[in-house]
Amino acid sequence: MLDEISKKSQTVPDAVLNSTKCLVVIPSITARTVNVSAGGLASCRDAADSWSAPAFVKFNGRGVRRHRTDLLVFVLSDTGVRALRSGELQIGEQKRASPLVSTTPVTTQLELDVESLTYGGTAGVLSSSEASGVIRGDAGTWDPIHNAVPRKTTEKYLSSVASFFNTITATGIVIHHTGVIPGESTAPRSERDIDEYHRARGFEILCFNRVYHVAYHYLIMPNGRVKRGRPEKCEGAHAKGYNSYLGISVVGDFSSEDNPTGKKGPTRPTAKQIASLIQLCRRLKDRYNIPLQHILRHSDISSTKCPGDRFPFRSVLDQLQRRPGGAKPGLE
């Protein structure tokens with residue numbers, strides 16, 4: 001179920017995924033009556049990309065509208081974690097619908113200040129759920145000694161959980177530059193150079209049950225060639241708080257202060273790089289319905305000079321405003 005949802009594009013906002021402390025999965029609820037009872041699993045975060053072994057839980061409640069529904073509960077608060085671990089987590093008390101990328105691409109802190117958020121899934125498509133009731137579990141099942149799930153099954157499940165939480169629906173684009181890798185004398189010559197550097201810095205991610213290291217989704221080399229980094233559906237590691245935005249890095253160091261003479265790579269992006277960047281941004285913008293105001297420089301959202309004062313950002317935006325045929329629509 002988790003793999004199916006990930007493949008069909010994650011619809012839970014990245015801020016919700018990053019704030020989740022525990023996940024409860026109740027698969028394939030058969031709603032033949034008003035009141036339902038169904039079993040499932042719960043796991044809690046040990047670290048950013050590490051989850052506890054699954055514990056068996058049971059949901060008793062109502063509000064499941066479809067015949068076969070998957071229920072996902074994202075526990076966001078310490079109070080909710082304690083309630084879940086004690087075997088008495090109440091759901092369905094939220095006053096507003098659970099946010100979705102399609103309606104709330106940027107989630108506010110107010111929307112995250114709740115005990116839990118509940119979603120229903122049908123054929124891999126998630127929506128906000130009106131289910132209410134209680135999730136109970138034997139407190140002893142959180143102790144690995146009492147957990148009867150086979151190790152290989154547990155590992156496969158936890159891999160799917162990690163991949164699920166590392167899946168995004170792109171909501172914007174962040175443009176970077178890539179200068180000299182520390183310890184090297186020139187700018188990176190290939191995506192492999194950057195991949196190795198990011199591997200050493202711990203940027204790896206498990207997504208679709210495969211490990212990726214390069215923090216960006218795309219790299220644009222000085223000759224204009226576009227190299228793929230991690231897949232578009234995998235969360236980036238390029239801009240804290242904006243990793244549901246696709247990261248594009250243009251190879252070079254375009255800061256006049258950091259790279260005045262070109263010792264850290266090209267001082268300005270080449271015409272071929274800019275042409276490739278505009279073509280790539282236009283394609284991603286159309287694919288994910290990204291508004292122009294969600295195409296940013298790294299320096300717009302973080303205390304950094306990246307991509308540098310010699311990067312022609314205004315010109316790039318002006319060209320993105322124009323349609324290939326020359327029409328100039330207003331800002332989106």
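We find the CG-OG distance between Leu89 and Ser116 to be 5.5 Å, quoted to the nearest 0.5 Å. Distance NE2/His177 to CD/Gln273: 12.0 Å, rounded to 0.5 Å. Atom CE of Met1 is separated from atom CG of Leu126 by 7.5 Å, given to the nearest 0.5 angstrom. From Leu2, atom CG reaches atom OG of Ser163 across 9.5 Å, with rounding to the nearest 0.5 Å. Here Thr304 contributes atom OG1 and Arg297 contributes atom CZ; the two are 11.5 Å apart, rounded to the nearest 0.5 Å. Between Asp258 atom CG and Thr267 atom OG1 the span is 13.0 Å, to the nearest 0.5 Å.
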Apply the test side chain to side chain contact (heavy atoms under 4.5 Å, CB included) to residues Glu235 and Asn18: give CA-CA distance (whole Å), side-chain angles for both, the deciding distance (0.1 Å), then the verdict. CA-CA 10 Å; Glu235 184 180 37; Asn18 290 335; 3.3 Å; yes

With side chain to side chain contact (heavy atoms under 4.5 Å, CB included) as the test, would you mind laying out the steps for Tyr288 and Leu246 before giving the verdict? CA-CA 10 Å; Tyr288 296 104; Leu246 298 172; 4.0 Å; yes

Full working for side chain to side chain contact (heavy atoms under 4.5 Å, CB included) between Val174 and Asp300: CA-CA 9 Å; Val174 178; Asp300 293 326; over 6 Å; no

For a side chain to side chain contact (heavy atoms under 4.5 Å, CB included) check, start with the C-alpha distance between Val73 and Leu84, then their side-chain angles and the critical distance, and finish with the verdict. CA-CA 11 Å; Val73 181; Leu84 176 63; over 6 Å; no

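Salt bridge Arg314/Asp318: present, at least one basic N to carboxylate O contact under 4.0 Å.
Here the closest heavy-atom approach between residue Val75 and residue Gly80 is recorded as CG1-C, 3.4 Å. Among all heavy-atom pairs drawn from Arg322 and Arg282, the shortest one is O-NH2, 3.2 Å. When every heavy atom of Pro307 is checked against every heavy atom of His176, the shortest pair comes out as CB-C, 3.8 Å. Between Leu76 and Leu112, the shortest heavy-atom distance links the atoms CD1-O, 3.7 Å. Nearest approach of Ala53 to Thr154, heavy atoms of both residues: CB-CG2, 4.1 Å. Residues Ser128 and Ser98 approach most closely at OG-N, 2.8 Å, considering heavy atoms.
Side chains of Tyr218 and Lys227 form no contact here, defined as non-hydrogen atoms less than 4.5 Å apart. For the pair Phe311/Ile274, a side-chain contact is recorded, criterion being any heavy-atom separation below 4.5 Å from C-beta on. Annotation: side chain of Ile5 is not in contact with side chain of Val12 (no heavy-atom distance under 4.5 Å). In this structure the side chain of Asp70 reaches within 4.5 angstrom of the side chain of Ser28, judged on heavy atoms. Contact annotation: the side chain of Leu72 approaches that of Phe164 to within less than 4.5 Å [non-hydrogen atoms, C-beta and beyond]. Using a 4.5 Å cut-off on side-chain heavy atoms (C-beta onward), Ser132 and Arg62 make contact. Contact of the Val16 side chain with the Pro99 side chain is registered, since non-hydrogen atoms from C-beta on lie closer than 4.5 Å. At least one side-chain heavy atom of Arg85 sits less than 4.5 Å from a side-chain heavy atom of Cys44.
Following chains of ILVMFWY side-chain contacts shorter than 4.5 Å, one cannot reach Val36 starting from Val134, and the two form parts of different hydrophobic clusters. Linking Ile, Leu, Val, Met, Phe, Trp and Tyr residues whenever their side-chain heavy atoms come within less than 4.5 Å places Ile290 and Val226 in a single cluster. With hydrophobic clusters built from ILVMFWY side chains whose heavy atoms lie under 4.5 angstrom apart, Ile278 shares a cluster with Leu280.
Counting only distance, with no hydrogens or angles, the side chain of Thr270 and the backbone of Pro222 share a donor-acceptor pair below 3.5 Å. With hydrogens and angles ignored, the 3.5 Å screen pairs no side-chain donor or acceptor of Asp14 with any backbone N or O of Ile168. The closest donor-acceptor contact from the side chain of Arg45 to the backbone of Trp51 lies at 3.5 Å or more, if one exists at all. Side-chain atoms of Thr11 do not come within 3.5 Å of backbone N or O of Leu100 as any donor-acceptor pair. When atom types are taken as modelled, the side chain of Lys285 and the backbone of Leu292 share no donor-acceptor pair closer than 3.5 angstrom. In this structure, Ser86 contributes its side chain and Ala83 its backbone to a donor-acceptor pair below 3.5 Å. Remark: the backbone N or O of His298 is not paired with any side-chain donor or acceptor of Ser302 at under 3.5 angstrom. Looking only at distances, no side-chain donor or acceptor of Asp253 sits under 3.5 Å from a matching main-chain atom of Asn259. Of the possible polar contacts, none joining the Ser159 side chain to the Glu155 backbone as a donor-acceptor pair under 3.5 Å is found. Ser276 places a side-chain N or O within donor-acceptor distance of the main-chain N or O of Gly224, the cut-off being under 3.5 Å.
Within a 6.0 Å radius of CD in Gln90, more than 12 heavy atoms belonging to other residues, nucleotides or ligands are found. Arg287 CZ: more than 12 foreign heavy atoms inside a 6.0 Å radius. At most 12 heavy atoms of other shown residues, nucleotides or ligands fall within 6.0 angstrom of atom CD in Glu130.
Between the side chains of Thr171 and Ser244, at least one donor N or O sits under 3.5 Å from an acceptor N or O. For the residue pair Ser52 / Asp46, no side-chain donor-acceptor distance below 3.5 Å is found, with atom types taken as modelled. Counted by atom type alone, Ser160 and Asp3 present one or more donor-acceptor pairs between their side chains at under 3.5 Å.
Between Tyr216 and His238, the angle of the ring planes lies from 30° to 60°, which puts this pair in the tilted group.
Residues meeting the ring-ring contact (aromatic ring centres under 6.0 Å, His included) test with Tyr119, sequence neighbours left out: Phe74. Contacts of Cys207 classified as disulfide bond (SG atoms under 2.5 Å apart), with partners at least two apart in sequence or in another chain: Cys234.
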